Amino acid sequence: MESLDALTLARIQFAFTVSAHIIFPAFSIGLASFLAVLNGLYLSTGRAVFLDLFNYWKKIFAVAFSMGVVSGIVMSYQFGTNWSVFSDKVGPVIGPLMGYEVLSAFFLEAGFLGVMLFGRERVGPRLHFLATLMVALGTFMSAFWILAVNSWMQTPAGYGMNDVGQFIVTDWWSVIFNPSFPYRLVHMVLAAYLTTAFVVGAVGALHLLRNRAQPAARIMFSMAMWMAAIVAPIQIMAGDFHGLNTLEYQPAKLAAMEGHFETHAGAPLILFGIPNAAEGRIDYRVQIPNLGAFILTHDWNGVVRGLNEFPPDQRPPVGIVFWSFRIMVGIGFLMLGIGIWSLWLRYRRALYDAPWLHRAAIVMGPSGFAAVLAGWITTEVGRQPWTVQGLLTTAQSASPIDAAAVGASLIAFVVVYFALFGAGTFYILRLMNQPAHGHEPGLPAEQPIRAGGIMPGPVMAAKNALPVAE
Amino acid sequence: MTLDLPLIWAGLIAFAVLAYVVLDGFDLGVGILFPLIRGEPHRDEAMNSVAPVWDGNETWLVLGGGGLLAVFPLAYAIIMSALYVPIIVMLLALVFRGVAFEFRWKTQRGKFLWDWSFAAGSTLAAFAQGVALGALVQGIPVANRAYAGGWWDWLTPFSILTGFALVIGYALLGATWLIWKTEGHVQRRAYDIAFWVAPATLLLIGVVSLWTPFLSGPYMARWFAWPQVLLVAVVPLAVLGAGFLLIRGLTERREIAPFLASLLLFVLCFIGLGISFFPHLVPNSVTIWEAAAPDNSLSFLLVGGVVLIPIILAYTAYAYWVFRGKVNAAGGYH
């Protein structure tokens with residue numbers, strides 16, 4: 001423990017709490033949109049199966065959302081507790097963006113979530129659909145603002161400095177729409193959609209393997225496979241554009257991702273290898289000559305800058321970034337493969353009679369989460385040693401807190417998160433293990449139920465005394 | 001026309017914190033009282049009374065924290081470092097109680113665990129908030145734009161007292177909320193509890209109020225200097241009036257009056273705190289104007305605040321309206 005100073009512990013703590021948190025938004029951004037689509041399909045077609053699916057995923061959404069809320073509250077205070085110098089210096093720039101996130105996103109989600117979960121019978125189907133749309137809009141707005149903040153830290157723009165050493169804003173438009181923001185926003189929102197699609201697809205596939213005639217399972221699986229076939233290739237393209245943006249604004253990060261220690265013309269595309277930071281090379285590498293240069297510069301003999309162009313204290317750790325990037329890209333291509341496979345089977349009219357595709361879809365169910373985490377590790381570790389690229393180092397950002405305090409709180413977060421979010425994940429898996437049957441929510445009559453849906457006033461009590469089942 | 005933006009924002013942040021305290025106060029209070037409500041259906045009913053709104057209530061805490069970062073980054077940096085332990089404890093406790101709202105309905109065998117998680121998490125979160133408040137009131141040493149104390153400085157007899165006081169105060173809000181929103185057994189139980197926690201709350205308000213002026217010279221001057229004592233004396237007198245309304249509402253078995261009187265008590269105590277603090281954000285060291293971010297950060301967020309806060313209040317009120325009336329143990333989601 002002695003080698004762990006307060007800074008390292010604070011970094012581990014932030015990495016842990018933010019990684020635990022991003023899992024839930026990555027799921028709920030996509031799931032909120034999926035719920036809005038299901039609700040809309042039910043209203044436009046009147047088919048009960050869409051309402052069954054809506055109610056089925058609504059329960060899973062509620063559990064995931066509650067974990068997202070509580071882990072998100074932690075994040076809004078982590079800046080101050082462990083990164084107080086960062087907060088003081090950067091607060092005038094990123095604080096208002098996060099303020100907008102609370103005002104335009106969190107309240108929207110929270111205000112309409114109760115109506116969406118409990119209020120269908122109280123407000124009627126149209127207002128209920130509106131509430132579902134508002135929750136989906138809230139999750140998107142949240143992504144918008146938080147990615148503006150993160151992107152500004154990656155590619156700062158529109159700022160100045162005041163005489164007490166704080167960053168101040170000279171142009172809000174440049175701060176929000178900073179150079180990497182559009183790419184990061186598109187990449188993350190598509191990632192959330194893909195993550196959700198593969199979870200929904202895995203659940204659909206599980207129930208198809210048990211009974212391939214279930215209409216609800218067929219709809220889930222089919223919708224998820226359309227998403228895989230359409231969104232996965234778009235995501236790969238979006239990722240490529242994002243990479244070119246990184247090449248322009250954060251070349252050291254890109255060199256670490258690609259594994260280029262030395263600058264050279266006609267750089268290869270390194271597929272695999274073992275980064276050897278001490279010797280400054282990739283051992284055992286498998287590479288395609290000149291392809292790296294072509295992808296990055298659109299010229300077979302283009303020059304790609306290596307890490308040797310940056311002072312040693314301004315290079316990100318190569319090993320982590322090199323591997324996390326490959327994990328993300330690998331999963332992306334596997335997703336594309338599932339999408340193409342599903343298109344072929346759909347063309348052959350065998351989408352629901354393909355146990356091997358269904359098994360593969362189940363295996364790929366959690367892959368989106370792994371890709372999201374790997375992607376964030378790539379971009380965050382790749383920004384090191386900076387918190388604000390080129391302007392403020394991570395070491396300068398930390399709070400004046402004892403290592404013992406940071407270490408103790410880190411242990412507490414790890415224990416509590418694993419216990420509680422582990423239980424929540426178990427409950428979600430158990431819900432997913434049940435088929436989406438008719439008359440969701442299926443409620444045993446004798447079991448007391450959460451009453452939010454009906455809280456009649458005294459006058460209405462007589463009319464609404466019985467549970468309303470669809 | 002020049003606006004005093006830091007002052008406007010201090011008012012807005014104070015409003016967000018007050019909204020948080022009264023709104024999450026009653027749903028934390030329901031959690032604090034959970035062990036005193038026996039029988040599964042009755043606990044279901046108590047939890048159902050806050051389930052659709054707790055999430056929105058807690059968002060005010062995020063606005064308080066996020067808003068402080070945005071407009072008073074220096075105060076945010078100092079306060080969060082100084083109150084490190086109570087803040088972390090509060091966050092973890094809120095995780096325990098927040099997930100219980102969903103997890104409790106997902107298991108029969110493990111339900112008692114989530115009952116415990118809900119009650120302990122709510123109580124501990126309330127206690128940590130009270131301790132944090134007490135630690136802030138008693139003062140925070142600052143040097144070179146940073147917290148200059150140790151990580152146990154927050155722990156004093158005064159902050160322990162404010163911790164207990166807030167637990168009891170939230171329990172009062174929770175009990176009077178249950179009186180309003182439930183009927184039958186749970187309501188009778190809530191009346192019984194309120195008869196105990198109402199006088200206890202008043203007593204604790206008295207003790208904390210009398211102790212506070214002795215913590216530092218400026219507080220003493222603020223409250224007892226002539227002639228402004230005539231002006232500030234309105235607050236303790238109003239507290240007595242609200243206490244009277246509360247006790248009378250309970251003895252007359254009113255359903256809504258006790259909750260409203262309890263809210264009034266909290267608002268008055270908050271005004272009292274404001275009188276003690278002003279014009280400081282970190283008592284006796286950092287003022288509102290010293291802590292404020294540059295004006296263009298304040299005005300940028302203020303535009304959104306002016307437009308969005310009324311809208312938020314409107315749809316929050318709408319959500320409460322949708323779930324108006326008594327809770328009963330029938331309905332459909334879980």
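These figures come from a predicted structure and were not determined experimentally. Note on naming: letters A, B, ... go to the chains in the order of the sequence lines (proteins, then strands), and numbering restarts at 1 for each one.
- Taking the centre and axis of the six-membered ring of B:Phe34, the NZ or CZ atom of B:Arg43 falls inside the cone set by 45° and 6.0 Å.
- Cation-pi geometry between B:Lys111 and B:Trp116 is not met at under 6.0 angstrom from the ring centre and within 45 degrees of the axis.
- Looking at A:Ala419, neither its backbone nor its side chain comes within 4.5 Å of chain B, counting heavy atoms on both sides.
- In terms of heavy-atom pairs under 4.5 Å with chain A, the best-connected choice from B:Leu92, B:Asn57, B:Val99, B:Leu94 is B:Leu92.
- With a 4.5 Å cut-off on side-chain heavy atoms, A:Met67 and A:Ile428 count as touching.
- For B:Phe26 and B:Trp180, the distance between ring centers is not under 6.0 angstrom.
- Taking the six-membered ring where the residue is Trp, A:Tyr417 and A:Phe16 present tilted rings, their angle falling between 30° and 60°.
- For B:His42, the ring-ring contact (aromatic ring centres under 6.0 Å, His included) partners two or more places apart in sequence, or in a different chain, are B:His185.
- Interface summary for chain B: among A:Val85, A:Leu431, A:Ile94, the most heavy-atom pairs under 4.5 angstrom belong to A:Leu431.
- The number of heavy-atom neighbours closer than 6.0 Å to CH2 of B:Trp289, taken from other residues, nucleotides and ligands shown, is above 12.
- Donor-acceptor pairing under 3.5 Å is lacking for the side chains of B:Gln187 and B:Thr182.
- With a 4.5 angstrom heavy-atom cutoff, B:Trp114 touches chain A only via side-chain atoms.
- Contacts between A:Val69 and chain B at a heavy-atom distance below 4.5 Å involve the side chain alone, from C-beta outward.
- Rounded to the nearest 0.5 Å, atoms CD1 (B:Ile13) and CG (B:Leu281) are 8.5 Å apart.
- Per-residue counts of heavy-atom pairs under 4.5 Å with chain A were compared for B:Thr107, B:Leu83, B:Val89; the largest is that of B:Thr107.
- Heavy atoms closer than 4.5 Å to chain A are found in both the backbone and the side chain of B:Val95.
- Residue contact with chain B, scored on non-hydrogen atoms closer than 4.5 Å, involves the backbone and the side chain of A:Val74 alike.
- Summarising the geometry, atom CD1 belonging to B:Ile140 is positioned 7.0 Å from atom OG belonging to B:Ser285; distances are rounded to the nearest 0.5 Å.
- No part of A:Val90 comes within reach of chain B, as not one of its non-hydrogen atoms sits under 4.5 angstrom from that chain.
- In this structure, A:Trp145 and A:Tyr100 have parallel ring planes: the angle between them is below the 30° cut-off, well short of the 60° mark.
- Of the listed residues (B:Thr316, B:Leu61, B:Ile87), the one with the most heavy-atom contacts under 4.5 Å to chain A is B:Leu61.
- Of the listed residues (B:Phe96, B:Phe112, B:Phe101, B:Trp105), just one forms a ring pair (Phe, Tyr, Trp, His ring centres under 6.0 Å) with B:Phe118, and that residue is B:Phe101.
- Heavy atoms closer than 4.5 Å to chain A are found in the side chain of B:Ile312, but not in its backbone.
- Counting heavy atoms from C-beta outward, A:Lys89 and A:Val388 have side chains that stay 4.5 Å or more apart.
- Using a 4.5 Å cut-off between heavy atoms, A:Tyr77 contacts chain B through both its backbone and its side chain.
- Residue A:Phe421 touches chain B through its side chain alone, counting heavy-atom pairs closer than 4.5 Å.
- Between A:Leu133 atom CG and A:Leu130 atom CG the span is 6.5 Å, to the nearest 0.5 Å.
- Within the 4.5 angstrom heavy-atom criterion, atoms from both the backbone and the side chain of B:Trp60 approach chain A.
- The part of A:Leu113 that comes within reach of chain B is its side chain, from C-beta onward, which places non-hydrogen atoms under 4.5 angstrom from that chain.
- Contact of A:Ile401 with chain B is made through the side chain alone, with heavy-atom distances under 4.5 Å.
- Only the side chain of A:Leu127 comes within contact range of chain B, with at least one heavy atom under 4.5 Å from a heavy atom of that chain.
- Of the listed residues A:Phe106, A:Trp172, A:Phe112, A:Phe65, the one with more heavy-atom pairs under 4.5 angstrom with chain B than any other is A:Trp172.
- Heavy-atom distances place the side chain of B:Leu308, and not its backbone, under 4.5 Å from chain A.
- Within the 4.5 angstrom heavy-atom criterion, no atom of B:Arg97 approaches chain A.
- Ranked by heavy-atom pairs under 4.5 Å with chain B, the list A:Leu108, A:Val93, A:Thr170 is led by A:Leu108.
- Residues A:Gln13 and A:Ser409 bring a donor and an acceptor atom of their side chains to less than 3.5 Å of each other.
- Of the residues considered (A:Val416, A:Asp88, A:Leu97), A:Asp88 shows the highest number of contacts with chain B, using heavy-atom pairs under 4.5 Å.
- Inspection of non-hydrogen atoms places B:Pro73, B:Leu74, B:Tyr76, B:Ala77, B:Met80, B:Ser81 of residues 71-81 of chain B under 4.5 Å from chain A.
- A donor-acceptor distance shorter than 3.5 angstrom exists from the side chain of A:Ser87 to the backbone of A:Trp83, with no hydrogens or angles considered.
- With hydrogens and angles left out, the side-chain atoms of B:Tyr84 and A:Ser399 include no donor and acceptor closer than 3.5 Å.
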